[in-house]
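Once you've had a glance at the structure underneath, I'll fire off some questions.
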2 protein chains.
Amino acid sequence: MHPVYAALVHYPVVDRRHRVVASAVTNLDLHDLARIACTYGMGGVYVVTPLADQQEFVRRIVGHWPTGPGAVHNPDRRAAMRLVQVTGTIQDAVASVEVREGLRPQVTASGARAHPGALGHADWRGVRASAPQLLLFGTAWGLAPEVFAAADHVLRPISGDGGYNHLSVRSAAAILIDRLLGTASG
Amino acid sequence: MHPVYAALVHYPVVDRRHRVVASAVTNLDLHDLARIACTYGMGGVYVVTPLADQQEFVRRIVGHWPTGPGAVHNPDRRAAMRLVQVTGTIQDAVASVEVREGLRPQVTASGARAHPGALGHADWRGVRASAPQLLLFGTAWGLAPEVFAAADHVLRPISGDGGYNHLSVRSAAAILIDRLLGTASG
C-alpha cells in the first residue's frame, strides 16, 4: 500500500454564498490534523494557502514545536508538527508528494455534498494499491467546484442519522481518515 | 435502541502530571461536539464544569445561537447548539438524562489509555439495547481515574498504525461517535 498524505486547503474554497475565497488558517485545525496524521501513520500534512502572511503564521506555529519552546514542553506535539508543511497551491502539494515518493499521487477530494460517481469509504481503500494518495479537506464552506472537477477521486459525504450534515473540517477529517486508514481494532 | 448523550467533561480531568484539575472550556470543542451530535442523531450534549464563570461562558456561546444574532446568521449552527446544556457535575448530567428519558443512563468513559475489561467499539453497540447511554469525553489530559472506576463501561482507546496516541478531544470524540453510532454507508 502506498503512503497517504492530507492537505488542509484554504484556497480555493467557497464561502456560505458559494463564492470562491481564501480562508484564514485556524491554529487548532493544524494541531488536530497533525495529531491525526501521526496517529494513522500518514506521510505528511500540507497546509495550502497562497497568502504570504498566512504561510508565515503556519510556519511560526509549526516552528514553535520542532525546535522552539514547544519541543521541550510537549514532545508528543513535536512529533506531530514535524509532519506539517506549507504550500501555496494544491498543485505544489502534489508536486511535493511526487518528489518525496518518486510517484505522482492521486488526488482525492472530500466534502459534504453528494457527487455522481463518488467513492464509498471502504472502496477507497483499494485505490491505495495503485499510487500514493493526497486527501483534500476544504476549510470554510468546502472545496471549490474546480477542485472536485480536477480530482482523481471524490469521496461520498459522511452521513449520520438525520439530514444534518455540517461537521467542522476538524471533525470531518478525523472521521474520514479513521474510515479510510483505521484498523477495525478497538 | 435507546438514545445516546455525550458529556464533554472539564472536571474531574487530569493535567500532564496526572493531577486532578478543572480545565477551561474551549469554544471550538462545543461547536464541534454539538455539530457531531446533531449529525449522528444524539439526544444531547452536556458541558460539565463546576466553575461558575465557565458555566456562564458556555451559556453565552450557546445563547448566541438559539435566540441571538447567530440564529439568523447561521441556522445550521443554531440547530446544533440547541442540543447543548451545562451541568456542574457528571452526576447532574446523569440525573438530567434520567429525567428526560425516564430511565437511568449507563455511563461510558473514553480515554487514550488501555483499561482491563474495556469494551471494543463494535461490542459497545449492544449496550444501547439495555439503557440510554451517556458517553464521557475528557478534556485536558483525560478523565480522572475515579471517573473510569465509577463508569458502567470503558471503551478501548483509538489506536492507529503507530504507537502515537495523542488525539485532541475533538478528534477522539468525532472518531468514537462515528464508530459507535455511524452507519456503515459512505
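These numbers come from a predicted model, not from an experiment. Residue numbers begin at 1 in each chain, while the letters A, B, ... track the order of the sequences.
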For B:Asp32, is it the side chain, the backbone, both or neither that has a heavy atom under 4.5 Å from a heavy atom of chain A? both

Per-residue contact mode, B:Ala79 against chain A (heavy atom under 4.5 angstrom): side chain

Can you check whether B:Val97 reaches B:Arg104 side chain to side chain, under 4.5 Å on heavy atoms? no

With side chain to side chain contact (heavy atoms under 4.5 Å, CB included) as the test, pick out the partner of B:Phe137 among B:Leu143, B:Asp29, B:Ile177. B:Ile177

The single option from A:His10, A:Gln85, A:Gln55 that satisfies side chain to side chain contact (heavy atoms under 4.5 Å, CB included) with A:Val47 is A:His10

Contact origin within B:Ile158 toward chain A - heavy atom pairs under 4.5 Å: side chain

Could you check whether A:Gln106 and A:His153, counting side-chain N and O atoms only, form a donor-acceptor pair closer than 3.5 Å? yes

Part of A:Ala172 within contact of chain B (heavy atom distance under 4.5 Å): neither

